[in-house]
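Okay, structure first, notes after.
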There are 2 protein chains.
Amino acid sequence: MMGVTMRIGELATKSGVSVRALRYYEEQGLLAAGRSDSGQRHYPEPAVDRVQLIQMLYGAGLSSRTIAELLPCVDAKVSTPESQARLAAERARIDEQITALIHTRDRLDAVIASTVDPANGCTVVHD
Amino acid sequence: MMGVTMRIGELATKSGVSVRALRYYEEQGLLAAGRSDSGQRHYPEPAVDRVQLIQMLYGAGLSSRTIAELLPCVDAKVSTPESQARLAAERARIDEQITALIHTRDRLDAVIASTVDPANGCTVVHD
DNA sequence: CTTGCCTCTGACGTCAACGTCAGGTCCTAG
DNA sequence: CTAGGACCTGACGTTGACGTCAGAGGCAAG
């Protein structure tokens, strides 16, 4: 079967991140890579999902260090009280972020409404 | 009346940001400041709200440049087709961010569930 | 065997939103 | 009038997640 493993370029295109980023993830202990005799990295298919999970967590504002602390507990499925606390804490952080963003969006909606509504002393300029 | 205007330190404590940040906001054109004869900045009360709005927008991932482009259209309440488009675009971006965060939270919930549920081959370790 | 693309390891560059320090001025309480 | 805190303007430092470049080796095609 072909494609049971892939090299870094293919993983990059499949997961939508740069080659540099993948090397960085490895450096940060987020993504393990096998090596060929000549030292080239190779990855199994599930690495694509893993990279996308990493991207999600970055997107949620987590740092490499935090992600590095969470991922092992995802992999090993081993639950210590500490890891549970970490997961819960990050979940809570994301929750707060969502709340804040909704708040911000509402604020922006108010601004949009005021700039659209001429009753607010708003001047609408057309091209 | 006292406190109709305030100096930078007071604004900093009232709005919960650092003095340095306030100077930076001014530098970026986000926050105007009056000057005393000796060159000291003074701000009116509404500056507190303004700073908090700025913080909200930063919190939503907007850059200084983007905020600088949005704020005038908040102040002047002048609506050009371009400014409407900008506002709508940023609102949309925030919406996408919220969606992504909810997605991430769900993912994290799944992880939490799997680490908590022994049926998933998870090992629970107590102190 | 060579051409050309992919990959490797350093290692320095970048960018934003400030932090921090230096050296000097201002202002208010006592 | 003087001490000490608040303020001023540069200007350099910081941090994270990569970008980018240099120099060298690897690999499938022709």
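In what follows, every chain begins at residue 1, and chains take the letters A, B, ... in the order their sequences are listed.
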Contacts of A/Arg86 that satisfy side-chain contact (heavy atoms from CB on, under 4.5 Å) - sequence neighbours left out: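 With sequence neighbours excluded, A/Arg86 shows a side-chain contact (heavy atoms from CB on, under 4.5 Å) to A/Thr66, A/Glu69, A/Leu70, A/Glu90, given in chain and number order.
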Partner set under side-chain contact (heavy atoms from CB on, under 4.5 Å) for B/Arg107, not counting sequence neighbours: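 Residues passing side-chain contact (heavy atoms from CB on, under 4.5 Å) with B/Arg107: A/Leu53, A/Met56.
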Measure the distance from [atom1] on [X] to [atom2] on [N] and round it to the nearest whole Å.
X: A/His42; N: C/dC8; atom1: NE2; atom2: P; value: 10 Å
X: B/Gln40; N: C/dG24; atom1: CD; atom2: P; value: 18 Å
X: B/Arg65; N: C/dC15; atom1: CZ; atom2: P; value: 13 Å

Non-hydrogen atoms of [X] and [Y] that approach each other most closely:
X: A/Arg41; Y: A/Ala33; result: CG-CB, 3.6 Å
X: B/Lys14; Y: B/Glu45; result: NZ-OE2, 3.1 Å
X: A/Leu30; Y: A/Arg50; result: O-NE, 3.1 Å
X: A/Ser18; Y: A/Ala12; result: C-CB, 4.2 Å

Short side-chain to backbone donor-acceptor contact, B/His42 and B/Arg35, under 3.5 Å: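 Between the backbone of B/Arg35 and the side chain of B/His42 there is a qualifying donor-acceptor contact (under 3.5 Å).
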Donor-acceptor under 3.5 Å (A/Gln28 side chain, A/Ala68 main chain):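 Flag not set: sc A/Gln28 to bb A/Ala68 has no pair under 3.5 Å.
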Chain A contact limits on DNA chain D, taken 5' to 3' with a cut-off of 4.0 angstrom to heavy atoms: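 Answer, 5' to 3': D/dA17 to D/dC27.
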Any residue of residues 51-59 of chain B with a heavy atom less than 4.0 Å from an atom of DNA chain D: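 Listed by number, there are none.
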Residue-level proximity of residues 15-36 of chain A to DNA chain D when a heavy atom falls under 4.0 Å: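 Those residues are A/Ser18, A/Arg20, A/Ala21, A/Tyr24, A/Tyr25.
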Short side-chain donor-acceptor distance under 3.5 Å, A/Ser38 and A/Gln40: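 The criterion, which ignores hydrogens and geometry beyond distance, is not satisfied for A/Ser38 and A/Gln40.
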Set of residues satisfying side chain to side chain donor-acceptor pair (under 3.5 Å) with respect to A/Gln55, sequence neighbours excluded: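 Result, side chain to side chain donor-acceptor pair (under 3.5 Å) vs A/Gln55: A/Tyr25.
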Along DNA chain D (nearest heavy atom to each residue), the more 5'-positioned of A/Arg7 and A/Ser64: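 Whichever sits nearer the 5' end wins; that is A/Ser64.
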